[in-house]
Protein chains: 2
Amino acid sequence: MQSTHLSDLRPATAQPTGAEAGRQRQGRLWSNLREVCDLLHIPTTNIPSSDELLFQHVQFKMGQRVHTIGQAFDTLFVVNSGFLKTVLIDEFGNEQVLSFPMKGDMMGVDGIHTRHYASEAVALSDCDLILLPFRKLAALGRAHTELENLLYGVMSRELVREQTMIGMLGALSAEARVARFLVSLADRFAAMGYSSKLFNLRMTRHEIGSYLGLTLETVSRTLSAFNEVGLISVDQRTIGIKDADALKNLRRLPPSRSRSRQRARAEATAAAASVGPAVQLATA
Amino acid sequence: MQSTHLSDLRPATAQPTGAEAGRQRQGRLWSNLREVCDLLHIPTTNIPSSDELLFQHVQFKMGQRVHTIGQAFDTLFVVNSGFLKTVLIDEFGNEQVLSFPMKGDMMGVDGIHTRHYASEAVALSDCDLILLPFRKLAALGRAHTELENLLYGVMSRELVREQTMIGMLGALSAEARVARFLVSLADRFAAMGYSSKLFNLRMTRHEIGSYLGLTLETVSRTLSAFNEVGLISVDQRTIGIKDADALKNLRRLPPSRSRSRQRARAEATAAAASVGPAVQLATA
DNA sequence: CGATGAGTTGACGTCGATCAACTAATGTGG
DNA sequence: CCACATTAGTTGATCGACGTCAACTCATCG
């Protein structure tokens, strides 16, 4: 696995992958405050689109690390394009996935407290990130109330997200967790302007399982089961959402016996009634 | 169940329960900025102990609600004394415990984002809380960098705490969760100047279970098992920590048969010889 | 084309939930 | 202050959801 630290990276010089926002200057991509706020979905009542104050973009390739645990903190990141995961590494080297940041999400907030990042961020695809030097940002917040609200708001939003996650891990069945995970992905894709009905997973079953507190086999089986009952369609990493409402409210599926009994019954009806089993199995 | 909202409460007029900090003025308890920072364990390099700027205390009786979900947000709370729980209520009215705030903890941060509290806070004992009007506090932060750092720092700390919680719920066995819960309580009591070896739980088994993603029966059984192997002593809500290190590193206990075999052997022969370890510790 | 990792599916075991019975605290009204 | 109701906690028996182990298929890529 390749790994790259900030200091190793030369900022993008060529065409960026996602060229929605930003401008070239000194052969690099930059965004102004207004664009950053828009990206974060923060109402920007009166932030001017001035180009006085610009924030630099940096590109990461799939598999590269944006920051690692314990690394000195000084900047926050906003995802402009691409997909990532953030993970905790436990005392035995096991990864615990904490989130799957994508366009409009902020990363690095967990570094503020101790001045060192508490988690690790890895690119799951090629990514374009905007760097927000924290000290500079906080200083700016003193002048612009909107920006100050942005910071507090984003941190609070992240906190609420994690609370919801805790509630989910503490109370829901495997099936309900996977269902809500799919719905939440669909919603986020919708918010980014993509289809919420058909999308590609950017993460492995193992990463999904880690995120949801399940094994990869359980994730796989659950997706298959959803597919079987027509809630979704699954083809490798391509997911089609068939019944979003049912997924949202799902507590658990009827037991698999009853599903297979239904199938068995359907098959059996053709082959008439009372034929004994061909082979008598040992039952003790 | 009694419930009280902020507006219903008359601030304390008599002797407060925990009279560590604060002063009387207009027959009420108040703390200055310095005292609040100390309470939060924030290094206060150059915050003066001026009494220009005072924050009001409010008392809550056991069972009272400090804030409820959806209630308009405008103030943060710092616990000066007492014990509380914060909970999420899911779509079917089930409580999910998120945290057990105690002296020095901040509550209400989850309300910043949407301007409405996202959780509910309930007093588990009589409590003395300090009110921090958020807008006022943020405004003050613009003048005092230390205070600004306090706010960002406390929010980030809370975020890291929840991340750790997610990792725990996602990866650890029931026994490991209960063990770490006890250790974390012990540490917090130590930080408050109380004994970390002997303390009283302020919450029910049901609340612990909800917090840890377990049923109350599992919590009860696990405590009994820890007691049985001598890791702790349990008498109702009184917990004695016997082997904090073992608790910290515990992955899971050996199956109960082998435990009772061990007891039987120990009782049968005073000759110890080669008895396997009573607890399975973390190994690389 | 073989190698490698991702994903699927089955068989089986077990951890923890559920249901239930009981005891120990706590509180309330007479 | 006691009788009684109510809630908290313990413990046992049972069951099922999910983890584990294993075999296999399918994509991707050098």
Side-chain angles (χ1 to χ4, degrees), chain A residues 1-2 62-63 85 94-95 124-125 169-179 200-210 212-228 232-239 250-260 263 281, chain B residues 1-2 61-63 85 94-95 124-125 168-179 200-228 232-239 250-260 280:
Chain A
M1 172 171 297
Q2 51 188 334
M62 180 179 354
K85 65 173 175 181
N94 306 315
E95 279 194 0
L124 296 179
S125 70
L169 289 175
L172 295 189
S173 71
E175 279 154 357
R177 290 183 212 181
V178 174
N200 280 313
L201 300 175
R202 297 322 212 288
M203 63 294 285
T204 67
R205 305 286 194 263
H206 179 76
E207 286 161 343
I208 298 173
S210 169
L212 298 176
L214 303 170
T215 59
L216 67 95
E217 292 96 331
T218 299
V219 173
S220 176
R221 268 187 259 269
T222 306
L223 290 176
S224 297
F226 287 171
N227 181 56
E228 209 178 339
I232 63 173
S233 64
V234 190
D235 175 42
Q236 295 293 119
R237 297 203 177 174
T238 304
I239 301 285
L250 181 140
R251 304 237 97 192
R252 64 190 46 205
L253 252 24
S256 62
R257 311 182 244 315
S258 85
R259 289 206 303 274
S260 48
R263 267 205 320 281
L281 295 179
Chain B
M1 172 169 299
Q2 52 189 334
K61 292 221 168 296
M62 182 181 347
K85 66 174 175 181
N94 306 315
E95 279 194 1
L124 297 179
S125 70
M168 179 160 146
L169 290 176
L172 295 188
S173 70
E175 281 154 357
R177 290 183 212 182
V178 174
N200 280 312
L201 300 175
R202 299 321 215 282
M203 63 293 284
T204 67
R205 304 287 193 263
H206 180 76
E207 286 160 343
I208 297 173
S210 169
Y211 179 65
L212 297 176
L214 304 169
T215 59
L216 67 96
E217 292 96 328
T218 298
V219 173
S220 177
R221 267 187 259 270
T222 305
L223 290 176
S224 298
F226 288 171
N227 181 55
E228 209 179 337
I232 64 172
S233 63
V234 190
D235 175 42
Q236 292 295 120
R237 298 205 175 173
T238 305
I239 301 286
L250 180 139
R251 302 245 98 186
R252 64 190 43 198
L253 254 23
S256 61
R257 336 178 228 310
S258 86
R259 260 185 282 140
S260 40
Q280 175 85 34

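Below, chains carry the letters A, B, ... as their sequence lines are ordered, and counting in each starts from 1. The basis for the numbers below is simple: all heavy atoms, side chains too, and nothing from hydrogens, waters or symmetry mates.
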Measure across [X] and [Y] and return the closest heavy-atom pair with its distance rounded to 0.1 Å.
X	Y	value
B/Ile208	B/Val219	CG2-CG1, 3.9 Å
B/Leu172	B/Arg251	CD2-NH2, 3.6 Å
B/Phe226	B/Leu250	CE2-CD1, 4.0 Å
A/Arg237	A/Thr204	NH2-CG2, 3.1 Å

Partner set under side-chain contact (heavy atoms from CB on, under 4.5 Å) for B/Thr218, not counting sequence neighbours:
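Per chain and number, B/Thr218 pairs via side-chain contact (heavy atoms from CB on, under 4.5 Å) with B/Ala174, B/Leu214, B/Thr215, B/Thr222.
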
For A/Glu217, check salt bridge (Lys or Arg N to Asp or Glu O under 4.0 Å) against everything at least two apart and list the hits.
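For A/Glu217 there are no salt bridge (Lys or Arg N to Asp or Glu O under 4.0 Å) partners, ignoring immediate neighbours.
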
Considering only heavy atoms, which members of residues 201-211 of chain B lie under 4.0 Å from some atom of DNA chain C?
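Correct list: empty, so none.
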
Please report the distance, rounded to the nearest Å, between CE in A/Met62 and P in C/dA6.
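To the nearest whole Å, that distance equals 12 Å.
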
Give the rounded distance in Å between these two atoms: CG of B/Leu223 and C1' of D/dT10.
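Taking CG of B/Leu223 and C1' of D/dT10, I get 11 Å after rounding.
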
Taking only residues two or more places apart in sequence or in another chain, which ones pass side-chain hydrogen bond (donor to acceptor under 3.5 Å, both in side chains) with B/Asn227?
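B/Asn227 satisfies side-chain hydrogen bond (donor to acceptor under 3.5 Å, both in side chains) with no other residue.
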
Who are the side-chain hydrogen bond (donor to acceptor under 3.5 Å, both in side chains) partners of B/Ser173, not counting sequence neighbours?
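Testing B/Ser173 for side-chain hydrogen bond (donor to acceptor under 3.5 Å, both in side chains), a comparison that skips the adjacent residues, returns none.
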
At how many degrees, to 10°, do the end axes of the helix from C/dC1-D/dG30 to C/dG30-D/dC1 meet when each uses five pairs?
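For the helix from C/dC1-D/dG30 to C/dG30-D/dC1, the axes at either end differ by 40°.
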
From A/Ser125 OG over to A/Asn200 CG, what is the distance, rounded to the nearest 0.5 angstrom?
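Those atoms lie 11.5 Å apart.
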
Salt bridge (Lys or Arg N to Asp or Glu O under 4.0 Å) contacts touching residues 203-212 of chain B (sequence neighbours left out):
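Residue pairs passing salt bridge (Lys or Arg N to Asp or Glu O under 4.0 Å), neighbours aside: B/Lys85-B/Glu207.
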
So does B/Arg237 get a side-chain nitrogen or oxygen closer than 4.0 Å to the phosphate oxygens (OP1/OP2) of C/dA25?
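For C/dA25, neither OP1 nor OP2 has a side-chain N or O of B/Arg237 closer than 4.0 Å.
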
Nucleotide-resolved protein contact map, nucleotides 18-30 of chain D, B/S/- at heavy-atom distance under 4.0 Å:
SSBB---------

